[in-house]
Amino acid sequence: MSESDFGNDFITLTDDEGNEIELEHLDTLEYEGELYMAFVPAYNSPEELVDDSAELIILKTEEIDGEEMLVTLDDEELLEKLFEMFVARLEEDAEEGNDFADEE
C-alpha cells in the first residue's frame, strides 16, 4: 500500500555539517532484501519528478546501533537502477489516477 493513499510524509534530515533539509517521502520499495525510500525536496512537486525536473533523493534504511537510520548510497549503478524503478512506480500511480496534486 502506498503512502499516497493516506497523504505523503515530510521529514527533516540533518547532514554531517548540521544543515537541515525538509524532504517529502514519495515511495518505499524493497530491492534485493534491502529497503529503499524515495524523497524529493519539500519545495518540489512529484509532477516535476515525472517531467525530469526535480531531484529524486534515494536513501537506504539501515539499523545502526539498534536504531533505524537513513543512509546515502555510493553505488552509482545501484542508484540508477533504483531511480528507474521509483520513476516507473510513480508514473504507474499517475496513470492509474493516483494524483500527486494536493487536495484543497
Side-chain angles (χ1 to χ4, degrees):
M1 182 81 28
S2 91
E3 281 77 14
S4 63
D5 294 338
F6 303 104
N8 291 328
D9 294 319
F10 292 86
I11 64 168
T12 302
L13 297 179
T14 305
D15 67 15
D16 293 336
E17 298 172 4
N19 301 313
E20 291 186 349
I21 181 172
E22 186 174 6
L23 302 175
E24 182 177 4
H25 176 234
L26 297 179
D27 198 4
T28 300
L29 66 81
E30 186 175 333
Y31 178 70
E32 295 187 351
E34 302 286 351
L35 197 61
Y36 299 93
M37 301 176 85
F39 299 90
V40 291
Y43 56 84
N44 287 330
S45 71
E47 290 89 353
E48 291 175 297
L49 178 63
V50 174
D51 294 337
D52 294 331
S53 60
E55 176 184 9
L56 180 68
I57 299 167
I58 299 172
L59 301 173
K60 178 182 171 184
T61 62
E62 281 189 9
E63 190 168 314
I64 301 173
D65 296 328
E67 196 173 326
E68 189 173 276
M69 306 285 282
L70 294 171
V71 298
T72 57
L73 302 170
D74 294 326
D75 183 336
E76 291 297 321
E77 189 174 311
L78 176 60
L79 278 169
E80 181 68 27
K81 174 72 173 169
L82 292 168
F83 177 83
E84 291 171 7
M85 293 169 66
F86 277 118
V87 168
R89 288 166 55 110
L90 292 169
E91 288 173 343
E92 183 179 303
D93 277 353
E95 288 173 7
E96 291 176 1
N98 295 332
D99 252 354
F100 296 116
D102 293 342
E103 295 178 354
E104 305 205 27

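Treat the numbers as computed from the prediction; the structure is a model and nothing was measured. Values below: every heavy atom of this structure, side chains too, minus hydrogens, waters and symmetry copies.
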Enquirer: From Asp9 CG over to Met37 CE, what is the distance, rounded to the nearest 0.5 angstrom?
Expert: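 Between Asp9 CG and Met37 CE, I get 7.5 Å after rounding to 0.5 Å.
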Enquirer: If you define the side chain from C-beta out and look only at heavy atoms, does anything of Phe86 sit under 4.5 Å from Leu56?
Expert: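 Yes, close enough: below the 4.5 Å cut-off.
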Enquirer: Kindly write out the residues that satisfy side-chain contact (heavy atoms from CB on, under 4.5 Å) with Leu13, not counting sequence neighbours, or none if the list is empty.
Expert: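 If we apply the side-chain contact (heavy atoms from CB on, under 4.5 Å) test to Leu13, skipping adjacent residues, the hits are Ile11, Ile21, Leu23, Leu59, Leu70.
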Enquirer: Tell me if the CD atom of Glu84 is crowded by more than 12 foreign heavy atoms within 6.0 Å.
Expert: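 Above 12, so yes.
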Enquirer: CD of Glu68 to CD of Glu62: how many Å apart, nearest 0.5 Å?
Expert: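 If I round to the nearest 0.5 Å, the distance is 10.0 Å.
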Enquirer: According to a hydrophobic-cluster definition based on side-chain heavy atoms being under 4.5 Å apart (Ile, Leu, Val, Met, Phe, Trp, Tyr only), do Phe83 and Leu26 belong together?
Expert: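 Yes.
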Enquirer: Are Phe39 and Phe10 connected into the same hydrophobic cluster when the rule is that any two of I, L, V, M, F, W, Y join if their side-chain heavy atoms are below 4.5 Å apart?
Expert: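 Shared cluster, no.
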Enquirer: Return the CD1 to CG distance between Ile58 and Leu78, rounded to the nearest 0.5 Å.
Expert: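 Going from CD1 on Ile58 over to CG on Leu78, the span is 8.0 Å.
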Enquirer: As an exercise, state the distance from OG1 of Thr28 to CZ of Arg89, rounded to the nearest 0.5 Å.
Expert: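 With rounding to 0.5 Å, OG1 (Thr28) is 8.0 Å from CZ (Arg89).
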Enquirer: Give a yes or no on whether Asn19 atom CG has more than 12 heavy-atom contacts from other residues, nucleotides or ligands under 6.0 Å away.
Expert: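 It does: Asn19 CG has more than 12 such atoms within range.
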Enquirer: Show the nearest heavy-atom pair for residues Glu55 and Pro41, with the distance to one decimal.
Expert: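 That would be O-CD, 3.4 Å.
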Enquirer: About how many Å separate CE of Met85 and OH of Tyr36, when rounded to the nearest 0.5 Å?
Expert: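 Result: 9.5 Å between the selected atoms.
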Enquirer: Below 4.5 Å, heavy atoms only, C-beta onward: do Leu73 and Leu82 meet side chain to side chain?
Expert: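 Leu73 reaches Leu82 side chain to side chain.
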Enquirer: Is a donor on one side and an acceptor on the other found under 3.5 Å between the side chain of Asp15 and the backbone of Glu17?
Expert: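 Yes, because the side chain of Asp15 sits within donor-acceptor range (under 3.5 Å) of the backbone of Glu17.
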Enquirer: Measuring from Glu20:CD to Thr12:OG1, what's the distance to the nearest 0.5 Å?
Expert: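 One gets 6.0 Å once the value is rounded to the nearest 0.5 Å.
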